[in-house]
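See below for the structure under consideration.
We use all heavy atoms of the structure for the numbers below, so side chains are in, but hydrogens, waters and symmetry mates are not.
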Amino acid sequence: AGIVADNDAVLEHQALVKGKKYNWVIYKIDNDKVVVDAKEERKAGDDDVKNYQETVFPNFFKTILAYEKEPRFASLDFHFTTPDGRNVSKVIFVWWSPESSPVKAKMLYSSTQKGFKETLGQFGGQVQANDADDLEYKIVAEPLLK
């Protein structure tokens, strides 16, 4: 589709992954580029799984659900507890494509997501969400626990 990642989008993703600067970064397609649309800076205590579940993840959930008719991509530093009790985090790619989005927008994001994801680099998982249920904390965590 000829859509490329804006350099700032790549840099902000790297700041999330390597610098642990952000909890999440949300991206949108604007003028044939994928650009940063919203982000949340990491604060002390955000890595605590309980705090993450009660504060950080709900902030992400609320922010991305506000795009009721527009798809978005996101890099999310997702914190969870493994079955053996370890607290871990994985950066996951989120592809938000609400059912109420116009077909043309869904097609544009669909044709862009693979290339954009590859430009950003490795992810520990991926979620494609079409409604709020797809983004429930336990649903997002489930494949990461395997």
Side-chain angles (χ1 to χ4, degrees), residues 1 3-30 33-101 105-146:
I3 309 283
V4 296
D6 182 71
N7 196 43
D8 283 347
V10 175
L11 292 174
E12 296 291 48
H13 172 75
Q14 290 171 347
L16 178 147
V17 174
K18 296 184 177 124
K20 298 290 185 188
K21 183 175 179 183
Y22 304 110
N23 291 317
W24 47 263
V25 179
I26 295 174
Y27 313 93
K28 69 177 179 180
I29 296 175
D30 188 33
K33 285 192 172 186
V34 183
V35 299
V36 173
D37 191 36
K39 58 193 173 191
E40 180 179 88
E41 292 214 10
R42 186 182 309 259
K43 298 175 289 308
D46 284 350
D47 291 349
D48 175 74
V49 172
K50 187 174 188 300
N51 183 54
Y52 182 86
Q53 289 174 325
E54 292 173 356
T55 309
V56 177
F57 189 79
N59 285 347
F60 171 75
F61 186 79
K62 180 178 70 187
T63 304
I64 204 154
L65 287 185
Y67 302 106
E68 295 173 28
K69 295 186 178 0
E70 301 172 64
R72 288 291 186 272
F73 301 128
S75 301
L76 172 65
D77 193 3
F78 189 78
H79 294 259
F80 59 99
T81 304
T82 62
D84 61 0
R86 292 176 298 123
N87 291 337
V88 296
S89 73
K90 289 188 178 182
V91 175
I92 61 172
F93 184 79
V94 178
W95 174 14
W96 170 243
S97 186
E99 296 293 341
S100 55
S101 299
K106 286 194 235 186
M107 289 171 58
L108 181 63
Y109 277 77
S110 178
S111 65
T112 303
Q113 71 94 16
K114 185 173 187 262
F116 178 61
K117 188 177 159 192
E118 287 171 358
T119 298
L120 294 184
Q122 289 294 104
F123 284 91
Q126 176 173 325
V127 175
Q128 182 179 343
N130 304 107
D131 59 35
D133 292 345
D134 295 338
L135 278 176
E136 291 289 337
Y137 181 88
K138 64 181 187 296
I139 300 296
V140 175
E142 196 175 314
L144 303 174
L145 296 172
K146 293 178 177 156

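- The aromatic rings of Phe57 and Tyr137 stand perpendicular to each other, their planes meeting at an angle above 60°, with 30° marking the opposite boundary.
- By the 4.5 Å heavy-atom criterion applied to side chains, Tyr67 and Asp37 are counted as neighbours.
- Among residue pairs with one or both ends in residues 121-135, those qualifying as side-chain hydrogen bond (donor to acceptor under 3.5 Å, both in side chains) are Lys117-Gln126; sequence neighbours excluded.
- When the side-chain hydrogen bond (donor to acceptor under 3.5 Å, both in side chains) test is applied to Asp6, no partner is found at least two apart in sequence or on another chain.
- Phe93 approaches Phe123 most closely through the heavy-atom pair N-CD2, 3.4 Å.
- For the pair Tyr109 (side chain) and Ile29 (backbone), a donor-acceptor distance under 3.5 Å is present.
- One finds a salt bridge joining Glu118 and Lys114 here, because a Lys/Arg side-chain nitrogen approaches an Asp/Glu carboxylate oxygen to under 4.0 Å.
- Not a single donor-acceptor pair under 3.5 Å links the side chain of Asp48 to the backbone N or O of Gly45.
- Glu41 is linked by a salt bridge (Lys or Arg N to Asp or Glu O under 4.0 Å) to nothing, counting only residues two or more places apart in sequence or in another chain.
- Closest of all the heavy-atom pairs between Lys106 and Pro98 is CE-O, 3.7 Å.
- Pairing each heavy atom of Ser101 with each of Pro71, the nearest pair is OG-CD, 3.5 Å.
- When all heavy atoms of Arg42 and His79 are compared, the closest pair comes out as NH1-NE2, 3.7 Å.
- Other residues, nucleotides and ligands contribute only 12 or fewer heavy atoms inside 6.0 Å of the NZ atom of Lys50.
- In this structure, Ala129 and Leu135 approach most closely via the heavy-atom pair CB-CG, 3.5 Å.
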Using atom types as modelled, flag every donor-acceptor pair under 3.5 Å from a side chain in residues 7-14 to any protein atom, sequence neighbours excluded.
from: Glu12; atom 1: OE1; to: Tyr22; atom 2: OH; distance (Å): 3.0
from: Glu12; atom 1: OE2; to: Tyr22; atom 2: OH; distance (Å): 3.1
from: Glu12; atom 1: OE2; to: Lys39; atom 2: NZ; distance (Å): 2.4
from: His13; atom 1: ND1; to: Ser75; atom 2: OG; distance (Å): 2.8

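- Residue pairs meeting the side-chain hydrogen bond (donor to acceptor under 3.5 Å, both in side chains) criterion with at least one member in residues 80-89, sequence neighbours excluded, are Asp77-Ser89, Thr81-Asn87, Thr82-Asp84, Asp84-Arg86.
- Residues Phe80 and Tyr52 place their aromatic rings such that the two centres sit no closer than 6.0 Å.
- Residue Ala74 comes nearest to Phe60 through the heavy atom pair CB-CE1, 3.7 Å, listed as atom of the first residue, atom of the second, then distance.
- Not one N or O on the side chain of Trp95 forms a donor-acceptor pair closer than 3.5 Å with the backbone of Gln113.
- Every residue was checked against the salt bridge (Lys or Arg N to Asp or Glu O under 4.0 Å) condition with Lys90, not counting sequence neighbours, and none meets it.
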Residues Trp24, Ile64; criterion side chain to side chain contact (heavy atoms under 4.5 Å, CB included); working and verdict
CA-CA 11 Å; Trp24 47 263; Ile64 204 154; over 6 Å; no
